[in-house]
Amino acid sequence: MDSLGALRRTHTCNELGPDHLDREVILMGWVLRRRDHGGVIFIDLRDRWGVTQVVFNPERNADVHAKAHRLRSEWVLAVRGTVCRRPADMENPKLKTGAIEVLVNELLILNVSETPPFPLDEDIEVSDNLRLQYRYLDLRRPEKAGNLIMRHQAVMAVRNYLSENNFLEIETPMLTRSTPEGARDYLVPSRVNPGKFYALPQSPQLFKQLLMMAGMDRYFQVVRCFRDEDLRADRQPEFTQIDMELSFVGEEDIIRIAEGMIQAVFKAAGNIELQPPFNHMTYDEAVQRFGTDRPDTRFGFELVDLTETLRGCGFKVFNSVIAGNGVVKAINAKGCATFSRKDLDNLADYAATFGARGMAWIKIREDGWQSPISKFFSADEIKAMGEALGVEPGDLILFGAGPAAVANQVLAELRLELARRLGLIKEGTYDFLWITDFPLVEYDQKEKRYSAVHHPFTAPNEDQLDLLATDPARVKSRAYDLVLNGNEIGGGSIRIHRRDVQEKVFAVLGIEPAEAQEKFGFLLRALELGAPPHGGIAFGVDRLMMILTGSDSIRDVIAFPKTQKATCPLTDAPAAVDRKQLTDLSLRPDW
RNA sequence: GGGGUCGUAGCUCAGCUGGUUAGAGCGCCGGCCUGUCACGCCGGAGGUCGCGAGUUCGAGUCUCGUCGGCCCCGCCA
């Protein structure tokens, strides 16, 4: 093994070309592949930037050639050599450096490597567990490294853009206090305060508001947030937000800043030109037309409400749903009358996973409507449904019936599934949509109380303050979400900056004055000491990068992600700790 | 908390209705090879069929349990 010593590289493995012919260069990197012909040996040398072919020729230097025979995958090399044009017809168009090769005069073996536990040079699927256990190997693969590079470019664009717009990046505590509502907290026991706990922040929400009260005016932070909930492809227990807050602004100011930032990110990270302003849609319209507050509007299949059309109809299932204050909605799956019984059963099973009790359907044939349920409808009802849905022969009607929330979710998921099955979702399109006019609160049937749709600090619509006490469910909030291709990538609101309003909202949420004082006294006090009007927004960096990189999971854009059980196969976290560590924290284990 | 799916060589996988010695490709090791770029040719090594019970004359295969990966519901202001 050789020492690096004073030797330094002159170029990366992605920058040599015909301009460098005959130059002596020094490259360093990993052995991606070796092709040993007994005589001449070719090594593809890889670093973060790319790949360069280096050549060992026994006629040029027999000692170096002999040494090169030992080389194996992922050994770490330094080579000194001469840039040569490749022989005619032997250029490799797949490599950026494919016009040249480096004829090696000196080889340093900086480190050896065992055979890697999985191949790094092919695009084959490797189990997630193994990849995470050897994450540092997985990240050597250009696709994975490229995701992290693009993430860096995106975050740099954010910092530059916001800095140019007079924002200050300010850090907020990671050790803070647990707050009611929201997700489960990660707790950290306090050694010097036995029996008391910090919580890791679910977001810097209150601190950024306090920074507005501190007169910082424009704050941002690229900040880690923690939520102890079950994981998904797009949810990790720790994730990164671009968090910002502004003073003396309304919704339109924040939306304009956010659009400019997203535009800068897409340009810097993906060389994609966006054209703000983005479209807007109210929450009510989104739910009515798409069944969700984060609609994917890249395709049709919109929901049609048939509740009034079918009130009193002959189909008992629908009738009882409607009588029980439920809704009957439907989508027209254009051209899907060709679906087999198996296809439909399959869709019904899928619908059932979202709480559907069944999935009624009607095929529109040239010779009439074909369905197990069409016989229950009158001619007038059939005519009205057909017109409402705009059906033509060859179409398929899918119904969702039940409580509004269930029917909406079922049909929202069905239209997504249909679009996927029919290949209607065009890759490379970026469909942004602002959702506005959210309800301030919604009634939680299980908890028998109202809970905040956004969070407890979101400002109610100013001319609906009177409704807070009488009919809070009708109050709209000053919140807004940014949806991209059906993914919620950001959300924010104008905040409450008056103590009396904040107290009223707490009251709606069932937070008693004593509890409000105990948990949020510091905020209420700050609201008494000159809190400016303010608002903000936060974006999920991981989800944004998942979409920009075309990844299926945010794990692919996080350097060291966790498994679905929130473990890290690389470090084996979480892990047991010494009993002494627990007793230091005044924790008395019962195991 | 619940549903689905996967687990066989270092990796990716095949292995039917239970049946003799569990296979393939890649990788790895050895040999040959001076223009390859997924180099080629010849030879070889390599297995706790995730783990544990059970059924059976006999289990990679069937049953039950369990562990782990992934996807989803609930949950995630």
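What's counted below: heavy atoms across the whole structure, side chains too, no hydrogens, waters or symmetry copies. Letters A, B, ... mirror the listed sequences (proteins, then strands); counts begin at 1. The structure displayed is predicted, hence computed values, not measured ones.
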Trainee: For atom P, what is the distance between rC42(B) and rA24(B), given to the nearest Å?
Mentor: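 So the two P atoms sit 15 Å from each other.
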Trainee: Could you tell me how the ring of Phe520(A) sits relative to the ring of Phe522(A): parallel (under 30°), tilted (30 to 60°) or perpendicular (over 60°)?
Mentor: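 Ring orientation, 0 to 90° scale: tilted.
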Trainee: What integer distance in Å separates Asp552(A):CG from rC72(B):P?
Mentor: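 Spelled out: CG on Asp552(A) to P on rC72(B) is 10 Å.
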Trainee: Under 3.5 Å for both donor-acceptor distances, Watson-Crick or wobble: does rA24(B) have a partner, and if so which one?
Mentor: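 Here rA24(B) is engaged in a pair, and the nucleotide opposite it is rU12(B).
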Trainee: Under 4.0 Å: is that the gap between some side-chain N or O of Arg131(A) and OP1 or OP2 of rG69(B)?
Mentor: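 Answer no for this pair, as no side-chain N or O of Arg131(A) is under 4.0 Å from OP1 or OP2.
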Trainee: Would you say the ring centroid of His37(A) lies under 6.0 angstrom from that of Phe42(A)?
Mentor: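 Aromatic pair counts; centres sit under 6.0 Å.
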Trainee: Separation of Gln202(A) atom CD from rC75(B) atom C1', in whole Å?
Mentor: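 It is 12 Å, rounded to the nearest whole Å.
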Trainee: Below 4.0 angstrom from OP1 or OP2 of rC37(B), is there any side-chain N or O of Lys94(A)?
Mentor: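 Lys94(A) to rC37(B) OP1/OP2: no side-chain N or O under 4.0 Å.
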Trainee: Tell me whether His37(A) and rU36(B) count as stacked here, given that the ring centres must be under 5.5 Å apart and the planes must differ by less than 30 degrees.
Mentor: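 No; by the centre-distance and plane-angle rule, His37(A) does not count as stacking on rU36(B).
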Trainee: Does some side-chain heavy atom of Glu512(A) sit less than 4.5 Å from a side-chain heavy atom of Gln517(A)?
Mentor: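 They are not in side-chain contact.
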Trainee: Any protein N or O atoms within reach of nucleotides 3-10 of chain B? Criterion: under 3.5 Å, listing atom names and distances.
Mentor:
from	atom 1	to	atom 2	distance (Å)
rG10(B)	O2'	Pro117(A)	O	2.6

Trainee: In this structure, how many angstroms lie between the C1' atom of rC70(B) and the CG atom of Asp234(A), rounded?
Mentor: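 Taking atom C1' of rC70(B) as the reference, CG of Asp234(A) is at 14 Å.
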Trainee: Within the pair Gln564(A) and rC71(B), is there a side-chain N or O less than 4.0 Å away from OP1 or OP2?
Mentor: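 Answer is yes, contact under 4.0 Å.
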Trainee: Do Arg86(A) and rC37(B) have a side chain to base donor-acceptor pair shorter than 3.5 Å?
Mentor: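 By the distance-only test, yes, there is a pair.
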Trainee: At less than 4.0 Å, is any side-chain N or O atom of Arg555(A) found next to OP1 or OP2 of rC71(B)? Yes or no.
Mentor: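 True: Arg555(A) side-chain N/O within range (under 4.0 Å) of rC71(B) OP1/OP2.
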Trainee: Between the main-chain N or O of Pro569(A) and the side-chain N or O of Thr567(A), is there a donor-acceptor pair closer than 3.5 Å?
Mentor: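 Judged by distance alone, no pair lies under 3.5 Å.
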Trainee: Tell me whether the OP1 or OP2 atom of rC72(B) has a side-chain N or O from Thr353(A) closer than 4.0 Å.
Mentor: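 So the side chain of Thr353(A) is outside the cut-off, no N or O lying under 4.0 Å from OP1 or OP2 of rC72(B).
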Trainee: Compare side-chain N and O positions of Arg232(A) against OP1 and OP2 of rC76(B) and report whether any pair is under 4.0 Å apart.
Mentor: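 So the side chain of Arg232(A) is outside the cut-off, no N or O lying under 4.0 Å from OP1 or OP2 of rC76(B).
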Trainee: Using whole Å, what does the distance between atom P of nucleotide rC37(B) and atom CD1 of Ile100(A) come to?
Mentor: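 After rounding, the gap between these two atoms is 18 Å.
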Trainee: Which of the following nucleotides, rG35(B), rC37(B), rG69(B), is nearest to the side chain of Phe42(A)?
Mentor: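 In terms of side-chain proximity for Phe42(A), the closest of rG35(B), rC37(B), rG69(B) is rG35(B).
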Trainee: What nucleotide, of rC37(B), rC73(B), rG69(B), holds the atom closest to the side chain of Thr567(A)?
Mentor: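 From the listed options, rG69(B) comes nearest.
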Trainee: Is there a donor-acceptor pair under 3.5 Å between the side chain of Arg555(A) and the backbone N or O of Lys562(A)?
Mentor: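 No; zero donor-acceptor contacts below 3.5 Å.
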Trainee: Would you kindly check whether a donor in the side chain of Arg227(A) faces an acceptor in the base of rC76(B), or vice versa, at under 3.5 angstrom?
Mentor: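 Looking at the base of rC76(B), it does not pair with any donor or acceptor on the side chain of Arg227(A) (distance under 3.5 Å).
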Trainee: Give me the distance, rounded to whole Å, that separates rC41(B) from rG7(B) when you measure between the C1' atoms they each carry.
Mentor: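 Here rC41(B) and rG7(B) have their C1' atoms 36 Å from each other.
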Trainee: Considering every strand shown, what is the Watson-Crick or G-U wobble mate of rC37(B) when both distances are under 3.5 Å?
Mentor: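 No nucleotide pairs with rC37(B).
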Trainee: Under 4.0 Å from OP1 or OP2 of rC29(B): is there any side-chain N or O of Arg72(A) that close?
Mentor: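 Answer yes for this pair, as a side-chain N or O of Arg72(A) is under 4.0 Å from OP1 or OP2.
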Trainee: Is the phosphate of rU36(B) approached by Arg35(A) (side-chain N or O, under 4.0 Å from OP1 or OP2)?
Mentor: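 No, because none of the side-chain N or O atoms of Arg35(A) sits under 4.0 Å from OP1 or OP2 of rU36(B).
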Trainee: Just checking Ser127(A): base, sugar-phosphate only, or nothing, at a heavy-atom cut-off of under 4.0 Å?
Mentor: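 Sugar-phosphate, backbone atoms only, no base.
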Trainee: Report the base-pairing partner of rU17(B) (Watson-Crick or G-U wobble, both distances below 3.5 angstrom), or none.
Mentor: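 rU17(B) is unpaired by these criteria.
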Trainee: May I have the distance from Leu570(A) (atom CG) to rG69(B) (atom P), rounded to whole angstrom?
Mentor: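 About 15 Å, once rounded to whole Å.
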